[in-house]
Amino acid sequence: MLVLAGGLAAWCVDRVEVVGTSMSPTFAPGDRLVAIRRWRPLRQGDVVVLTDPTSPHRQIVKRVRAIDGARATVLGDNEAASTDSRSFGDVPVASIRHLVVRRYARGGGA
């Protein structure tokens, strides 16, 4: 039973460290975040974790700005320093699997 609970927790919860300034001032470089498996439809304003469309081995943190059917526009809060939907286009909603729910540690800043 404990193994099942651990496996379920590993599937549902992800920890992410912020790299770069694309989400400042909301999150700073080095901030550590807890993200949970998305269980509900996306909403405008959600902070999400998704696979970087330009580098599939990387995860990125962005804010959902718009949802149009099966596609979502995601932008960094610091748009001047963010690679986001303005450069790689809208992303499939199905590719956004995690919602950020809290910061559990602050980084050192940039």
For residues G76 and R65, report the shortest heavy-atom separation together with the two atoms involved.
-> O-NH2, 3.9 Å
Under a 4.5 Å side-chain heavy-atom rule over Ile, Leu, Val, Met, Phe, Trp and Tyr, are L33 and V13 clustered together?
-> no
With D46 as reference, evaluate R40, R38, K62 under the side-chain hydrogen bond (donor to acceptor under 3.5 Å, both in side chains) test and give the passing residue.
-> R40
Report yes if the side chains of V91 and L50 come closer than 4.5 Å at any heavy-atom pair, otherwise no.
-> yes
Could you state the interatomic distance from CZ (R86) to OG1 (T73), rounded to the nearest 0.5 Å?
-> 11.0 Å
Under 4.5 Å between side-chain heavy atoms, hopping through other hydrophobics if needed: is there a path connecting I96 to V100?
-> no
Quick one: closest heavy-atom pair of L75 and S82, and the distance?
-> C-OG, 4.5 Å
Taking the side chain as C-beta and beyond, is there a heavy-atom pair between Q59 and T51 under 4.5 Å?
-> yes
Step by step, would you call V16 with F27 a side-chain contact (heavy atoms from CB on, under 4.5 Å)?
-> CA-CA 12 Å; V16 179; F27 300 119; over 6 Å; no
Is the side chain of N78 donor-acceptor paired with the backbone N or O of S24 at a distance under 3.5 Å, no angle test?
-> no
Nearest heavy-atom approach of L42 to I67 is O-CD1, 3.3 Å
Is a donor on one side and an acceptor on the other found under 3.5 Å between the side chain of R103 and the backbone of T26?
-> yes
Is V64 reachable from V34 through a run of I, L, V, M, F, W or Y residues, each pair having side-chain heavy atoms under 4.5 Å apart?
-> yes
Taking every non-hydrogen atom, the tightest pair across A81 and S22 = O-CB, 3.7 Å
Indicate yes or no for a side-chain donor-acceptor contact from R63 to the backbone of G45 under 3.5 Å, with no hydrogens or angles considered.
-> yes
Scanning both residues in full, the closest heavy-atom pair of G20 with P29 reads O-CG, 3.3 Å
Is the number of heavy atoms from other residues, nucleotides or ligands under 6.0 Å of R15 CZ greater than 12?
-> no
Would V49 end up clustered with V47 when hydrophobic side chains under 4.5 Å apart are linked, directly or stepwise?
-> yes
Would you call D31-R102 a salt bridge at under 4.0 Å N-O?
-> no
Minimum heavy-atom separation for V74 to D84, with atom names?
-> O-CB, 3.2 Å
